[in-house]
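Worksheet: the structure to be examined is printed underneath.
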Amino acid sequence: MSATDITQLKPDDLVLAHTKPSLIAVSPVTSIRTALTLLQNNKITSLPIFSHDSTQIVSIINLFDILLYLIGGSDTVDKTTSKLDDSVENVLGLDTDRESYWMHKTDSQDTLFDTLHAFASGAHRSLVIDYRNPKNGQWLLSQTDIIRHIYHYPDSIKNILDVNKSVGELGFDKKPPLVSVAASQSALSGYKLLAEKNLSGVPIVDEHGNLVGDLCLEDLPGANLDTFDKLTLPCVEYIQHRQDTLALPVATPATTLRNIIETMLNLDTHRVWIKESEGSGKVIGVISMSDIFSLLCRKK
């Protein structure tokens with residue numbers, strides 16, 4: 001089953017389907033303070049939300065959504081704000097177009113074809129439901145789960161995409177100009193830019209335009225409010241306080257897709273920045289997990 005075309009696999013065919021932790025979800029009237037505690041205690045970054053009148057999951061919020069709600073138009077995070085006592089459904093009112101607010105769902109007995117299309121469009125996770133046996137536990141399938149399967153079973157995409165093709169051959173060194181943030185500007189202003197541009201990551205560049213780091217949603221501080229003070233630091237200082245300061249995910253136009261996937265998994269990132277060459281600091285492109293799913297869907 002492992003070598004079956006990825007588009008024809010079912011969620012339950014994935015080995016990880018049987019190792020996923022129990023789903024943690026909350027009522028829409030749960031306070032933001034309680035939600036942050038749940039996120040912190042369970043070391044997770046997102047929370048599915050039940051409907052008002054049932055245990056059906058209808059949406060999802062993440063730490064980034066809560067952060068944007070708490071800061072509003074401010075340049076700081078007020079850890080004593082009364083907003084902490086607001087319900088999480090208030091967070092959902094910010095922007096109903098944000099991907100994190102709607103919950104893509106996958107039937108556990110259906111193929112992954114539609115889910116791959118959702119991931120190609122920017123969805124980062126899907127709720128897997130066994131509609132034939134609702135008593136079976138629901139679980140979240142992520143972009144990373146699929147990328148990891150492809151890494152271990154490259155034959156699952158051999159009829160769709162050649163993982164030995166280079167980034168240049170695939171055209172990722174010719175994407176539109178990247179949005180970037182200056183090393184000197186605050187991390188908080190950088191995260192606001194991510195929200196404004198609907199991005200999940202941007203490169204951090206110095207005064208010469210050379211890459212010195214990146215600012216990504218997955219690098220947000222934990223749900224402990226005491227760590228939010230670091231968001232006022234300049235970007236280049238803020239990234240030094242990340243729990244795991246890993247190597248910067250970079251590649252060149254000559255890097256193969258196979259190596260890109262390996263870098264994503266080894267560095268636990270959703271994107272790899274493309275530099276002009278090994279010795280250059282100039283970023284000319286980016287390839288994300290969503291881009292890889294777009295390639296898979298385009299070939300079908």
Side-chain angles (χ1 to χ4, degrees), residues 11 16-72 74 77-108 115 118-119 122-131 133-145 191-192 194-195 198 200 216-228 231 243 268 270:
L16 59 86
H18 309 289
T19 61
K20 283 284 186 172
S22 299
L23 193 68
I24 298 172
V26 297
S27 159
V29 298
T30 300
S31 72
I32 292 174
R33 191 186 306 275
T34 299
L36 285 171
T37 300
L38 280 171
L39 290 170
Q40 181 182 359
N41 290 346
N42 292 281
K43 295 181 172 58
I44 54 178
T45 58
S46 60
L47 275 176
I49 309 295
F50 294 126
S51 70
H52 272 280
D53 53 5
S54 74
T55 56
Q56 178 183 358
I57 292 172
V58 294
S59 57
I60 189 168
I61 61 170
N62 60 34
L63 187 57
F64 184 52
D65 303 321
I66 293 175
L67 172 66
L68 292 177
Y69 181 76
L70 292 178
I71 62 175
S74 174
V77 180
D78 180 1
K79 294 180 289 188
T80 64
T81 177
S82 60
K83 285 184 176 181
L84 288 168
D85 296 318
D86 292 349
S87 63
V88 291
E89 67 181 340
N90 287 12
V91 176
L92 299 176
L94 278 176
D95 182 353
T96 54
D97 288 332
R98 285 186 63 82
E99 181 270 329
S100 53
Y101 294 164
W102 52 272
M103 186 79 262
H104 183 270
K105 297 178 181 179
T106 301
D107 188 327
S108 65
T115 300
F119 286 173
H124 287 166
R125 59 190 69 80
S126 181
L127 181 67
V128 179
I129 305 172
D130 187 346
Y131 289 102
N133 188 358
K135 291 184 178 180
N136 286 342
Q138 301 175 7
W139 53 281
L140 287 177
L141 175 68
S142 69
Q143 286 191 342
T144 303
D145 293 331
Y191 279 119
K192 284 184 174 182
L194 291 183
N198 196 25
S200 57
C216 308
L217 294 191
E218 54 264 34
D219 294 328
L220 270 171
N224 182 349
L225 280 174
D226 290 336
T227 64
F228 280 18
L231 290 167
Q243 289 183 341
D268 192 22
H270 282 242

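Both backbone and side-chain heavy atoms feed into the values below; hydrogens, waters and symmetry mates do not. Bear in mind the structure is a predicted one, so any value in this text is a computation, not a measurement. In what follows, residues are counted from 1 in the order of the sequence shown.
- Minimum interatomic distance between Leu140 and Pro48 (heavy atoms only, all atoms of both residues): CD1-CG, 4.3 Å.
- Between Thr45 and Leu39, the closest heavy-atom pair is C-CD2, 3.7 Å.
- The shortest heavy-atom contact between Lys83 and Tyr69 is NZ-O, 2.9 Å.
- The two residues Ser126 and Thr106 make their nearest non-hydrogen contact at OG-OG1, 2.6 Å.
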- Ile71/Lys192 under side chain to side chain contact (heavy atoms under 4.5 Å, CB included): CA gap, chis, key distance, verdict: CA-CA 10 Å; Ile71 62 175; Lys192 284 184 174 182; 3.7 Å; yes
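- Residues Trp139 and Leu23 form no side-chain contact, since every pair of their non-hydrogen atoms from C-beta on lies 4.5 Å or further apart.
- No donor-acceptor pair under 3.5 Å is formed between the side chain of Gln138 and the backbone N or O of Leu127.
- Here the straight-line distance linking atom OG of Ser200 with atom NE2 of His270 works out to 7.5 Å at 0.5 Å rounding.
- Using a 4.5 Å heavy-atom threshold, the side chains of Leu38 and Val26 count as touching.
- Listed here is the closest heavy atom pair of Pro28 and Ser51: CD-O, 3.9 Å.
- Distance CG/Leu63 to CD1/Ile44: 10.5 Å, rounded to 0.5 Å.
- Note that CD1 of Ile32 is 12.0 Å distant from OG1 of Thr37, once rounded to the nearest 0.5 Å.
- Side-chain contact check for Val58 versus Met103: every heavy-atom pair is 4.5 Å or farther apart.
- Taking CZ of Arg33 as the reference point, atom CD1 of Ile66 lies at 12.5 Å (rounded to 0.5 Å).
- Side-chain N/O atoms of Asp85 and Ser82 include no donor and acceptor closer than 3.5 Å.
- Within the model, atoms OG1 of Thr30 and CD1 of Ile61 stand 9.0 Å from one another, a figure rounded to the nearest 0.5 Å.
- A pairwise comparison of heavy atoms in Ala25 and Ile57 identifies CB-CD1, 4.2 Å as the closest pair.
- At least one side-chain heavy atom of Leu194 sits less than 4.5 Å from a side-chain heavy atom of Phe64.
- In this structure, NZ on Lys20 lies 6.5 Å from CG on Leu141, to the nearest 0.5 angstrom.
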